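Below is one structure, written out as structure tokens; the observations come after it.
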Amino acid sequence: MKDSSGASAPAKAILFGEHFVVYDKLAIAIALDIRARVAVKPRPDKKIVVRSSALGSSEFTLDGHGGNERLKPVYAAAKGVLSMAGERMGLDLTVDSQIPISSGLGSSAAVLVATTAAVGDLLEMRLTSDDIFRLALDAERLVHENPSGVDPAIATYGGVLAYRRSEGAKRLKVDLNLPLVLGDTRIKRDTREMVMRVSEIRRLYPGVFEEIIDAGDKIARLALGALGSGDLVALGRLMDMNHALLCALGVSNKALEDLVWAARRAGAFGAKITGAGGGGCIIALAPPWDIGRVAEAIRSAGGEPMIAGIAQEGVRIEG
Ligand code: PMV
């Protein structure tokens with residue numbers, strides 16, 4: 001065993017297919033070059049202690065007693081790796097993340113993926129990316145019951161992914177420069193609650209719901225073609241259509257619409273919610289020459305703009 005280890009994993013943005021992906025429709029996601037880092041050291045006692053710059057610190061017994069609910073998935077990720085190794089030991093975990101929390105940028109998945117990789121490296125387990133993805137997804141089930149897996153997939157593999165629940169992740173080769181601007185409403189929301197809100201629409205209107213998510217799948221498949229041919233105008237149009245479907249499912253609100261429309265009025269090719277909606281972020285595809293203008297428009301409409309590049313690298317050991 002090593003004396004200490006660490007790992008980092010990137011944030012994500014969903015370009016197409018959030019919510020529909022829970023029902024096995026196609027999603028396209030990108031890794032963003034903002035990262036969450038987790039450092040790990042063994043402890044002499046049998047406690048798992050998690051310290052987070054954003055969420056404070058918390059102490060768990062090896063059986064998961066005590067501790068703060070919000071940090072429990074980090075405990076679960078570490079415990080999953082310990083169990084796989086057949087180890088019963090204490091750990092000190094320090095989480096340091098640049099990714100805004102509860103904003104649709106996959107901060108919890110990035111932390112869980114980095115935790116899994118760091119603990120695996122500490123124990124010299126040689127986990128594969130697929131192992132890390134599966135272990136992190138198990139821990140994510142504590143955050144919300146029915147995760148599609150797209151968040152831990154992109155945090156693990158990086159780059160641009162096509163993801164379908166029943167088929168897993170497929171890395172896409174995208175040479176295109178995608179001038180993307182995120183806009184954070186700064187409204188925190190709970191993914192689990194938004195996924196439940198969508199399932200309620202499904203319960204009330206199953207026929208309409210199926211049509212909506214089928215349309216979402218077709219849009220994502222057309223987007224694969226537009227990404228391949230580098231057609232930014234078509235991609236933007238498809239993002240607008242995807243956004244309209246998310247509105248139909250009831251996950252937009254005035255704050256999100258203000259940012260979407262500010263970006264479109266400033267010349268974006270398209271703009272949509274990214275992630276679960278109800279708050280969190282929008283994502284806009286700007287013309288390369290107008291990216292600053294789109295960011296400024298988002299700021300003037302009350303949002304926090306972020307110009308983020310694509311992270312080609314997913315999880316990384318930083319031992
Ligand atoms: O937690 P968020 O905002 O990154 O959203 C996750 C994406 C959903 O499709 C809404 C849920 C899922 O598990 O795929």
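As the structure is a prediction and not an experimental result, all values here were calculated from the model. As the structure lists them, so they are numbered: ligands from 1, and atoms in each ligand from 1.
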Check your understanding: Looking at Val40 and Ala118, what are the two nearest heavy atoms and their distance?
Key -> CG1-O, 3.6 Å

Review point. Which atoms of ligand 1 are found less than 4.0 Å from any heavy atom of Thr191?
Key: 1 (O), 2 (P), 3 (O), 5 (O)

Review point. Looking at Arg51 and Asp92, does any basic side-chain N land under 4.0 Å from a carboxylate oxygen?
Key: yes

Review point. So is Met194 in contact with ligand 1, going by heavy-atom distances below 4.0 Å?
Key: no

Exercise for review: Pick whichever of Lys25, His19, Arg192 has a heavy atom sitting closest to atom 8 (C) of ligand 1.
Suggested key: His19

Review point. Among protein heavy atoms, which sits nearest to atom 5 (O) of ligand 1, and what does the distance come to when rounded to 0.1 Å?
Key: Ala276 N, 3.4 Å

Point to revise | Those atoms of ligand 1 less than 4.0 Å from some heavy atom in Glu18 | key: 9 (O)

Review point. Are Tyr23 and Val208 grouped together when hydrophobic residues (ILVMFWY) are joined by side-chain heavy atoms under 4.5 angstrom apart?
Key: yes

**Study point:** Leu235 CG to Leu222 CG distance, which is reported to the nearest 0.5 Å
**Key:** 10.5 Å

**Study point:** OH-NZ distance between Tyr157 and Lys170, expressed to the nearest 0.5 angstrom
**Key:** 13.5 Å

Exercise for review: Would you mind listing which atoms of ligand 1 come within a distance below 4.0 Å of any non-hydrogen atom of Val21?
Suggested key: 9 (O), 14 (O)

Check your understanding: Do any nitrogen or oxygen atoms of Thr274 lie less than 3.5 angstrom from nitrogen or oxygen atoms of ligand 1?
Key -> no

Exercise for review: Find all atoms of ligand 1 within a distance of less than 4.0 Å from any non-hydrogen atom belonging to Pro147, and give their numbers and elements.
Suggested key: 13 (O)

Exercise for review: May I ask you to decide if Gly64's main-chain N or O and Lys72's side chain share a donor-acceptor pair within less than 3.5 Å?
Suggested key: yes

Exercise for review: May I ask you to list the atoms of ligand 1 that are less than 4.0 angstrom from any heavy atom of Val150?
Suggested key: 14 (O)

**Study point:** Proximity of Arg189 to ligand 1 by residue part, where a heavy atom lies under 4.0 Å
**Key:** side chain

Check your understanding: Ile14 near ligand 1, heavy-atom distance under 4.0 Å?
Key -> yes

Review point. Using 4.0 Å as the upper bound for N to carboxylate O, is an ion pair formed by Arg237 and Asp240?
Key: no

**Study point:** Sole candidate of Gln98, Arg35, Glu313 that passes side chain to side chain donor-acceptor pair (under 3.5 Å) when paired with Ser8
**Key:** Arg35

Check your understanding: What heavy-atom pair brings Leu176 and Leu227 nearest, and what distance separates the two atoms?
Key -> CD2-O, 3.9 Å

Practice item. Find all atoms of ligand 1 within a distance of less than 4.0 Å from any non-hydrogen atom belonging to Lys12, and give their numbers and elements. Key: 2 (P), 4 (O)

Study note, to complete from the structure: In terms of its nearest heavy atom to atom 14 (O) of ligand 1, the top option of Gly106, Ser148, Ala29 is Ser148

